[in-house]
Amino acid sequence: MPPRELSAPREGSQGRGGDPAPVRGGMDVTELKTRFAQALATHTGLELGAVEAAIARPPDLALGVFAFPCFPLAKTLRKAPPAIAAEIVASAQAPEGTELVAAGGYVNLRLQPGILARQAVESVQAWQTTSRVSGSGVGRTVLVDYSSPNAGKELVYHHIRSTAIGAALCRMYEAAGWKVEAVNHLGDWGTQFGKLILMWLREHGMDQEAALADLPSVTLSTLNRMYVGFKPAAAEDPAMEEEARLWFARLEAKEAFARTCWERFIEVSIAALNEVYVRFGAKFDHFLGESFYEDKLEATIERIRQAGILEESEGAQVVRVGDDIPPCLIRKRDGATLYATRDLAAAIWRHEHFGCDRALYVVDAGQSFHFRQVFEVLRRMGEPCAHGCIHVPFGLVLGKGEDGNWSKVSTRSGTGAPLPDVMDRAAARIRETMVSLAEKRALENPSREQDSFSDRELDQVSEAIGVGALVFNELKSRRAADTRFDLDSILSFEGDTGPYIQYAYARLSSILRKGGEVIAPEAARWSLLCEPETERVASVVSQFPERLDAAVEANEPSVIAQFALELAEAVHSFTHHHRVLEVDATPERMLLVETARRTLAKALTLLGLTPVERM
RNA sequence: GCGCCCGUAGCUCAGUCGGAUAGAGCAACGGAUUUCUAAUCCGUCGGUCGUGGGUUCGAGCCCCGCCGGGCGUGCCA
């Protein structure tokens with residue numbers, strides 16, 4: 001029985017050269033917020049923490065960078081909020097480089113021209129030198145269990161969801177200072193391997209020696225062919241079902257022939273998986289499949305028994321986990337163990353070997369129930385790993401059916417198609433677009449010098465944009481939402497898409513290429529970076545660390561995806577409104593362009609997209 | 001039946017700790033190219049935030065009821 005069936009799979013930055021100058025004398029965003037809070041606290045008699053918690057961001061950057069609502073004070077002070085705001089502004093001292101403005105019931109903190117840009121530049125320099133965007137996770141370890149497909153089968157499109165989310169989470173945690181252990185809980189055990197062994201034997205006339213000798217020729221498509229072929233073959237010869245079960249029993253008994261075949265099948269599967277994983281930068285520190293825990297199950301059950309929570313119920317062994325949900329099945333009536341048993345053994349083993357503070361299970365929302373049970377059993381066992389276990393659920397990948405309605409995975413809509421094939425198709429479509437666009441440009445503007453691409457570059461760029469577009473589509477919405485597979489809108493250069501962000505990055509890169517050297521921040525005339533479009537870029541850039549922290553705490557890659565979109569929009573607006581090269585403010589604008597570019601590259605990389613210099 | 005998730009513009013979605021006029025993209029319509037990539041930008045149109053109560057100075061957000069949809073629910077994984 002395959003673990004985690006189709007509908008339920010478990011599933012570099014390119015900064016420019018040049019050493020960033022050391023940051024000094026600057027004030028980053030959080031520091032500024034604290035100073036603002038201090039100024040307010042002394043004049044309101046409120047606790048610093050309470051003030052800091054109340055501070056919000058105004059809806060419009062023109063109002064300021066921070067806002068303090070005075071409404072809650074109205075009752076105690078017995079004054080109208082606008083009057084309170086006016087009083088605070090009159091008496092409190094604004095931090096250096098800022099001014100306080102009363103607006104309605106709010107006290108807003110406004111920055112002097114260019115301060116925002118300076119903050120952005122210094123913020124990026126700070127995280128660039130430590131190569132970590134935020135330090136909130138330093139000293140802690142997180143284990144991320146993701147992708148976790150069945151061995152012996154090809155990845156199909158919907159596997160992209162767990163893989164993209166999990167891989168992004170790994171990089172996000174790393175960027176926040178965590179030590180990350182990425183684990184692939186491969187479905188590498190069960191009767192399906194009895195079927196594969198039997199099929200392989202049949203293909204060699206039931207001659208074990210011949211079958212063994214031919215093992216090196218096994219590829220993923222061999223496995224796939226046998227997997228698909230078993231059902232029709234067994235329909236003709238019903239005895240095969242029993243034979244397959246027998247072969248799995250021999251595998252469990254470590255019988256040499258079965259074991260050797262199985263090892264080769266797993267080896268081929270992992271190699272094939274890695275070929276796909278590398279295309280979205282998914283990496284695993286450990287492939288620890290279900291088979292790995294087989295010899296640890298009895299000890300796990302013994303531990304449950306010793307905790308005094310194992311009960312007999314209707315012939316099975318169970319643990320009661322609450323009044324509102326059914327008990328967690330540990331051992332079936334026939335003595336066999338279950339999915340939950342393996343997850344319990346895995347949770348305990350992993351915690352003992354990796355010492356992780358947090359363990360994420362990036363598995364679809366359909367298995368919420370299962371994880372609730374497993375985590376509750378761990379808690380009742382008194383296992384220390386229990387409190388750090390977090391199920392990170394996500395919605396379905398929907399495809400458009402022939403009737404035009406969105407529905408679950410199916411081969412026809414493309415969501416059940418092999419994942420590498422879809423990636424190839426996406427890359428090919430981007431390649432076509434690039435070529436036809438180049439032709440169009442040459443026609444419309446024959447005098448202008450056009451970028452030309454070698455075949456190799458064209459391949460690399462279209463791969464990065466095409467695959468990146470697929471990944472971005474899976475990450476841009478909240479995990480809980482279902483995503484929709486519609487290649488046309490995914491690959492569009494317009495709207496909330498990967499290519500739109502890539503284009504912003506390529507534009508910035510192009511400007512930097514043509515602009516040459518970037519000045520040191522110490523030499524910058526900050527007040528020249530004061531237009532609304534310029535400040536918008538600076539504002540978004542300077543929010544990166546806090547947004548990353550929020551994303552990590554919520555285990556939500558979409559927070560980073562939305563951030564990347566916001567930054568891309570700000571960048572497009574900026575480059576459209578303001579010339580960077582050959583103007584008075586060129587040195588300063590170049591500095592901002594470089595800062596935005598580095599930030600965009602980092603955000604894209606966190607999500608699993610490869611930034612492209614030209615497109 | 002019970003549990004979990006979801007319901008925001010015609011469509012797809014954001015909306016942070018409850019805070020200022022609920023924001024984007026697509027679609028539709030109208031503009032912008034002597035300009036570093038127009039794969040872009042700017043504007044117009046479009047909302048009883050499913051619904052009825054409650055808490056609050058203030059609710060898309062919190063609480064309760066109802067309606068609609070999805071997923072799950074004892075020997076699969």
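With hydrogens and angles left out, the side chain of A/S313 and the base of B/G74 share a donor-acceptor pair within 3.5 Å.
Across all strands shown, A/D334 has no heavy atoms under 4.0 Å from either base or sugar-phosphate atoms. Residue A/A316 is in base contact, counting any heavy-atom pair closer than 4.0 Å across all strands shown. Nucleic acid contact class of A/E582 (heavy atoms, under 4.0 Å, all strands): none. Residue-level contact check: A/T433 touches neither bases nor backbone, having no heavy atom under 4.0 Å from any strand. Note on A/H391: nothing from the nucleic acid sits closer than 4.0 angstrom, heavy atoms only. Contact annotation for A/P393: no contact, since no heavy-atom pair falls under 4.0 Å across all strands.
For the pair A/R441 CZ and B/C36 P, the interatomic distance rounds to 12 Å; values are reported in whole Å. As rounded to whole Å, 16 Å separates atom P of B/C75 from atom CZ of A/R342. Between A/D364 atom CG and B/G70 atom C1' there is a gap of 13 Å when expressed in whole angstrom units. Atom-to-atom, CD of A/Q562 to C1' of B/G25 comes out at 10 Å; the value is rounded to the nearest Å. A straight line from CD of A/E439 to C1' of B/A38 spans 18 Å, rounded to a whole angstrom.
In RNA chain B, consecutive stretches of 3 or more Watson-Crick or G-U wobble pairs with both distances under 3.5 Å are given as paired ranges: B:1-7 with B:67-73, B:10-13 with B:23-26, B:28-32 with B:40-44, B:50-54 with B:62-66.
Of the P atoms belonging to B/G52 and B/C13, the separation is 25 Å, rounded to the nearest Å.
The phosphate of B/C42 has OP1 or OP2 within less than 4.0 Å of a side-chain N or O from A/S573. For A/K332, a side-chain nitrogen or oxygen approaches OP1 or OP2 of B/C76 to under 4.0 Å. Phosphate contact (OP1/OP2 of B/U37, side-chain N/O of A/Y500, threshold under 4.0 Å): absent. OP1 or OP2 of B/A39 has at least one side-chain nitrogen or oxygen of A/K440 nearer than 4.0 Å.
Here A/Y106 does not count as stacked on B/G19, because the ring centres are not under 5.5 angstrom apart with planes under 30°.
A tilted orientation is assigned to the rings of A/F371 and A/Y361, their planes being inclined by 30° to 60°.
With sequence neighbours left out, the side chain to side chain contact (heavy atoms under 4.5 Å, CB included) criterion links A/F292 to A/L288, A/K296, A/W349.
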